[in-house]
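See below for the structure under consideration.
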Amino acid sequence: MARFIDEIRRTHYCGELRAADLGKEVVLFGWVAHRRDFGGCVFIDLRDREGLAQIVFDADYTPGEVLRPNALGTRGEAFWNMSQVKAALALAEGVRREWVIGIRGVVVHRGEKNVNPRLGTGEIEVRVAEAVLFNRAETPAFSVEDDIQTDEDIRLKYRYIDLRRAPLQRNLRMRHEVNQTVRQYLSDQGALELETPILCKYTPGGARNFLVPSRLNAGKFYALAESPQLFKQLFMMSGFDKYFQIVKCFRDEDLRLDRQPEFTQIDIEMSFVSQDDVFRLLEGLLFRIFEKTGTADLKALYPSGAFPRMSFAESVNRFGNDKPDLRFGLELCDLTALSIEHDGGGLALVKAITDRYKDGTYRLEVPAEIVKAFVIPASANFSRPQLEAFEKSLREIKGFKGLARAKLADGGAWTQSPLTKSVTDAFRLAVNAKLGVQDGDILCFQFGTTDVVNAALSKLRIDVAKKTGVIPESGHGGKWELLWVVNPPLFEQNEDGSWAAAHHAFTRPIDEHLELLSTDPARVLCYRYDLVLNGFEIGGGSIRLHDPDVQQKVFSVLGIEAAAAQEMFGFLLEALRSGAPPHGGIAIGMDRLTMLLSGGATLRDVIPFPKTNQGLDTMSGAPVFVDPKQLDELHVAVAPTK
RNA sequence: GGGGUGGUAGUUAAGUUGGUUAUAACGCCGGCCUGUCACGCCGGAGGCCGCGGGUUCAAGUCCCGUCCACCCCGCCA
């Protein structure tokens, strides 16, 4: 029987030792982080999940010196066997980084002049009486340190080493804390944790599904669930009333910094609720998560207990998108109406747009082309090359044509601008007044389709905020701004004029707009909501359509025939007719939330084993080609790659 | 599907108008060192310059192709 582990059991984690433990006999197991060899005296920083402790190997001292007059004195002889102490020193001289060892020793004070204030354990060290080598380790490709420059693909290939680093240990512990808090809080609120299938029926539309061939049903495929949406609604029809699940979802789309093919959602659905009920539950949950993770005191930020709300239309108007970062101002300004008033204000590009509205079809709800402005304050004091760099980075937006700029000079003149010559005085002054600009401010204009104008200016807004340091390049910067964005349009129009569901076809239109379904679908808003944190959408949901008559009207706007609806969503439609309670819910992106709480910039730092940008697992090598026999069994033939 | 950036020692990077033996730091190996904590000092090893082709007397460097990584657009109920 091994002496260590079996007989000599671990008493503490390295990182938890404190001055309060002085004089204690301890047993530590861990990894060698650093070794400092002075020939006859060796210091090792021993690391485990709680942190580092300095352990000292030194054969050249007497037990009495270390043990003086504490309780260990009586067992000093048994504890300090000098041949074991010498063997431990020899072992210490031979160990290398990341070797796994165990030690038995005594916690002693380092002496005032040797205290290391940067370590939690910096006041103490452990004098080693006996040591064991559990395992050697090959030299790792990169150091197990907090700050490393190593490329992410190498870190991912050796993920098990990367995960030893303190920042990732912290992130995954925060993930644990989020999971635990969700389970406890939602369970306390009466929600049942129920599971839904991963192997599902493929449904067209929405995200691409991963497909899984069925061996037992030749030629047929399952789809991996992209979300538990339909099943959680069925739970409501089955009378479970309140449900939650921390669930893996799968989407076969291209990856991004904040998008992985398999990710985790906190999924919630409730019966007999209004939008406000869903909000209250989520606000309580977020308050608790922020508290338990030690992130921030939301009570101080939101004394009412509720997060602010903003309509989708207002968000798009003021910030250019539906997930505004409210940590700073710098709002956009719509000049379309003013431009129409001034008949283009002498600017050809603007007049081309305002002419389109002459027949009186201008409507705020469905503008096709607009004029909008953004002001870079004079205080930012950007150089011309810096301003041009902003414009350059906007070119990645599809359809972006250019950024018209003007610098405001004395008397409200526009300078350093192609607009200077042609703009009418009246329009220029009206614009200045509306924007409330001052000398030296840079006016940035966008004319064109709503999508491009908003995409460009909302990106510019963020870029400028980061460049001026109002918010950091990544991370929260100590600021937290939560927001509900509510009531977006139910439909969006395709290029051919037909209508598509902006989110999904089972979202309930707001009551006042039911009549518009047949007369003006563009203006129908719905009970859909997104929860936004610091400019990231961390969750979204809706109150569902439970009335079969209204459902039928929605389908008819979408041009979905009864037969087609039956084919696509048959089981849900039947269930809705079986006695469906009014219900609604939400799903929170658990990875993304954890990423934001941890201050990280990438989802890969809060997911233990993430995929690369190409969806590869560089550690295991997945995905791989498989043996033709396996394909035969699955009734699958692989087409030759082009 | 498209655009951008990059790939040189284990790691991170430098490498001039194409020109002798491809540099540095950290890490690694050996030696010395009893109060360090990014220990220090002395010495040493380590390279298919992503891969394939081309131009040239000569390619890390120029050209073509390709693979991989990262970032973005499209896409993401």
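Only heavy atoms go into these numbers, but all of them, side chains included; no hydrogens, no water, no symmetry mates. To find a chain, count down the sequence lines: A is the first, B the second, and so on, and within it residues start at 1.
In this view, A/E396 satisfies the side chain to side chain donor-acceptor pair (under 3.5 Å) rule with no residue, not counting sequence neighbours. Residues meeting the salt bridge (charged side-chain N to carboxylate O under 4.0 Å, His left out) test with A/R35, sequence neighbours left out: A/D37. Under the side chain to side chain contact (heavy atoms under 4.5 Å, CB included) criterion, A/N613 pairs with A/L255, A/R604, sequence neighbours left out. Residues meeting the side chain to side chain contact (heavy atoms under 4.5 Å, CB included) test with A/D153, sequence neighbours left out: A/D151. When the side chain to side chain contact (heavy atoms under 4.5 Å, CB included) test is applied to A/D617, the partners found at least two apart in sequence or on another chain are A/K611, A/M619, A/S620, A/A622. Take A/T449 and apply the side chain to side chain contact (heavy atoms under 4.5 Å, CB included) test, not counting sequence neighbours, and it matches A/E369, A/V452.
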- Note on the structure: Under a 4.0 Å heavy-atom criterion, the protein footprint on nucleotides 25-30 of chain B, written with B, S and -, is --SSSS
- Under 4.0 Å protein heavy-atom contact, by nucleotide of nucleotides 66-77 of chain B - B base, S sugar-phosphate only: ---SSBSBBBBB
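Checking the phosphate oxygens (OP1, OP2) of B/U36, no side-chain nitrogen or oxygen of A/R36 falls inside 4.0 Å.
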All N/O pairs under 3.5 Å across the protein-nucleotides 44-47 of chain B interface:
none

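Annotation: salt bridge (Lys or Arg N to Asp or Glu O under 4.0 Å) contacts involving residues 586-595 of chain A, sequence neighbours excluded, comprise A/R175-A/D591, A/D258-A/R592. Note on residues 110-125 of chain A: no pairs pass salt bridge (Lys or Arg N to Asp or Glu O under 4.0 Å), not counting sequence neighbours. Pairs engaging residues 197-206 of chain A under the salt bridge (Lys or Arg N to Asp or Glu O under 4.0 Å) rule: none recorded [sequence neighbours left out].
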